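Working notes for the structure below.
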Amino acid sequence: MLGRKSGGGNYAYVSAKVKAKKTSLMGDDAYGKMLMMSLPEISRFIGESGYQKEMAELAGRIEGIDLIEHATYRNMARAFSSILHSSQGELRDMMSAYLTKWDIWNLKVILRGKTYGADAESIREDLVPAGRLDSTMLDRLLSMETDKEIIAEFGRMEHLEVPPEAINAYKADGCLRDIEDALDKLYYKRLLMSTDRSSTPKRLFQEFIRREIDTINLETILILKTEGIRGDDVMKYVISGGREIDKKLATQLANADSVSAAVNDLAQLDFYEDIKEALGANTGSLKDLVAGMKRYHIGQAKKFSHLYPLSVIPVIDFMIHKNIEVDNIRIIARGIESGIDRDTIKGLLVI
């Protein structure tokens, strides 16, 4: 028995486990050090900072940026899988549903890679086998020749069907946006449906996911607006189930002539304070707005994990921060390999 169960899940045990894991995550000072390093020095640094096993496993086969990217994603997948396998009851059910996001991620990576003619090994370095599909199942998808075969097999594995209209749109213009959008909508629909509100941990989980949907929808609306897309052409990409951004508000934002014209509508949102400065700057830079929404999402996870330590939120909080750590390492490594100046790389980090 992995600790005493609470409300259908061993929350105390798993919360203690992720709390210990979170203390080993890199701090801002580590990123500052890496920004001053060469690629080989970064490899050595992360090999001494929690990624030892993965770096050692892969060092004989690959090197440089490929080694860093493979090792960081493999490490993250193992961390998430370890937490899932330690969970029980409703906690395990919620975590399993939440982690299917990586199955969706992996399908997107495979489809994009195949579309652009990337070889299997290049595609594999961006896969994160942290969901229901393990490495063997992902290799099966990688071995398939056509996107039709890949989508059909993924549907059988995940017991879902990508809407025919999304597939037809992809066939018509060769753009994966409609398929990716359909997958995101299916993920959040199934995630919300998989969890009722019969217990406090479940209610907290739903509340957190609905806030996440809000931030995703706002980012989508703003991105499309900067591309000159408005109205129904925006609304078809909005995910249902948000906490604050309902269909009415989403429609108002989608129909606004510009980002600045939508400020009054945005002012009613909980995370308005996190994006107000970027909006007021009126620079047209989406980067600062997206960064503000990410800070809000991260802050919510941290706040909820402290308020409700015996819930699923501390686990999600760790996963978010672990994902950020891996993304930051990869951004630094890629930036340095590409010769980008340090200040520009630093501006891309989530700190």
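These numbers come from a predicted model, not from an experiment.
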* Asked: With sequence neighbours left out, what residues match Tyr296 under ring pair (Phe, Tyr, Trp, His ring centres under 6.0 Å)?
  -> Phe271
* Tell me, do Leu107 and Ile179 make a side-chain contact under 4.5 Å, heavy atoms counted? -> no
* **Lys/Arg N to Asp/Glu carboxylate O, Glu145 vs Lys114, below 4.0 Å** => no
* To do: Kindly say whether Phe45 contributes a backbone atom to a donor-acceptor pair with the side chain of Lys33 at under 3.5 angstrom?
  => no
* NZ/NE/NH1/NH2 to OD/OE distance under 4.0 Å, Arg334 and Glu69 -> yes
* Asked: If we only count heavy atoms from C-beta on, is the Leu141 to Glu153 side-chain gap below 4.5 Å?
  -> yes
* Asked: Are any side-chain N or O atoms of Asn75 and backbone N or O atoms of Gly50, one a donor and one an acceptor, separated by less than 3.5 Å?
  -> yes
* Within 45 degrees of the axis of the six-membered ring of Tyr73 and under 6.0 Å from its centre: does Arg78 put its NZ or CZ there? -> no
* Are any side-chain N or O atoms of Asp232 and backbone N or O atoms of Met235, one a donor and one an acceptor, separated by less than 3.5 Å? -> no
* Asked: So which pairs with a foot in residues 168-178 pass salt bridge (charged side-chain N to carboxylate O under 4.0 Å, His left out), sequence neighbours left out?
  -> Arg177-Glu227
* Would you give the length of the straight line joining atom CD of Gln300 to atom OG1 of Thr215, rounded to the nearest 0.5 angstrom? => 10.0 Å
* Asked: Does a salt bridge link Arg112 with Asp126, judged by any charged N lying under 4.0 Å from a carboxylate O?
  -> no
* Look up atom CG in Asn106 and atom NZ in Lys101, then write down how far apart they are to the nearest 0.5 Å. => 12.0 Å
* Structure fact -> To the nearest 0.5 Å, atom CD1 of Ile46 lies from atom CD of Glu325 at 9.5 Å
* With a 4.5 Å limit on heavy-atom distance, are the side chains of Arg74 and Glu57 in contact? -> yes
* Asked: Do Tyr51 and His70 have ring centroids that are under 6.0 Å from one another?
  -> no
* Asked: When you look at Asp214 and Asp270, which way does the side-chain contact (heavy atoms from CB on, under 4.5 Å) test go after all the steps?
  -> CA-CA 10 Å; Asp214 279 339; Asp270 281 352; over 6 Å; no
* Residues forming a salt bridge (charged side-chain N to carboxylate O under 4.0 Å, His left out) with Asp181, sequence neighbours excluded -> Lys185
* Structure fact -> In short, Ser198 meets Arg203 closest at the heavy-atom pair C-NH1, 4.1 Å
* Sole residue of Phe304, Phe318, Tyr308 in side chain to side chain contact (heavy atoms under 4.5 Å, CB included) with Ile313 -> Phe304
* Asked: With sequence neighbours left out, what residues match Arg197 under salt bridge (charged side-chain N to carboxylate O under 4.0 Å, His left out)?
  -> none
* Around atom CD of Glu63, are there more than 12 heavy atoms of other residues, nucleotides or ligands at under 6.0 Å? -> no
* Just checking, is any N or O donor in the side chain of Glu158 or Thr100 under 3.5 Å from an acceptor N or O on the other one? -> no
* For residues Asp93 and Ser96, is any side-chain donor paired with an opposing acceptor at under 3.5 Å? -> no
* side chain to side chain contact (heavy atoms under 4.5 Å, CB included) with Pro129: which of Thr136, Asp134, Asp103, Leu138? -> Leu138
* Which class fits the ring pair Phe205 and Tyr98: parallel under 30°, tilted 30 to 60°, perpendicular over 60°? -> perpendicular
* To do: Please determine if Glu54 and Arg61 form a salt bridge, counting it only when a charged side-chain N lies under 4.0 Å from a carboxylate O.
  => no
* Asked: Quick one: are Leu204 and Thr200 in side-chain contact, heavy atoms under 4.5 Å?
  -> yes
* To do: Keeping to residues at least two apart or across chains, list the salt bridge (charged side-chain N to carboxylate O under 4.0 Å, His left out) pairs with something in residues 16-30.
  => Lys22-Asp317
* To do: Can you see which heavy atom on Ser87 is nearest to which on Met95, and at what distance?
  => OG-CG, 4.4 Å
* Step-by-step side-chain contact (heavy atoms from CB on, under 4.5 Å) determination, Met319 to Leu99 -> CA-CA 10 Å; Met319 289 182 170; Leu99 287 171; 3.9 Å; yes
* To do: Any chance you could measure Phe208, atom CZ, to Arg211, atom CZ, to the nearest 0.5 Å?
  => 9.5 Å
* Structure fact -> Distance col, row Gln206:CD vs Leu192:CG, nearest 0.5 angstrom, shows 5.5 Å
* Kindly say whether Tyr13 contributes a backbone atom to a donor-acceptor pair with the side chain of Asn10 at under 3.5 angstrom? => no
* **Ile104 side, atom CD1; Asp184 side, atom CG - distance, nearest 0.5 Å** => 7.0 Å
* Asked: Could you walk me through whether Leu127 and Trp102 pass the side-chain contact (heavy atoms from CB on, under 4.5 Å) check?
  -> CA-CA 8 Å; Leu127 299 180; Trp102 292 108; over 6 Å; no
* To do: Taking atom types as modelled, find out whether Glu180 and Tyr237 have a side-chain donor-acceptor pair closer than 3.5 angstrom.
  => no
* To do: Give a yes or no on whether the backbone of Ala20 and the side-chain of Thr23 come within a donor-acceptor separation of less than 3.5 Å.
  => yes
* To do: With sequence neighbours excluded, tell me which residues meet salt bridge (charged side-chain N to carboxylate O under 4.0 Å, His left out) with Arg210.
  => none
* Honestly curious: do Val312 and Met193 fall in one hydrophobic cluster under the side-chain, below-4.5 Å linking rule? -> no
* **Basic-acidic side-chain contact under 4.0 Å: Arg124, Asp139** => yes
* Check for a donor-acceptor pair, side chain of Ser305 on one end and backbone N or O of Ala301 on the other, with a separation under 3.5 Å. => yes
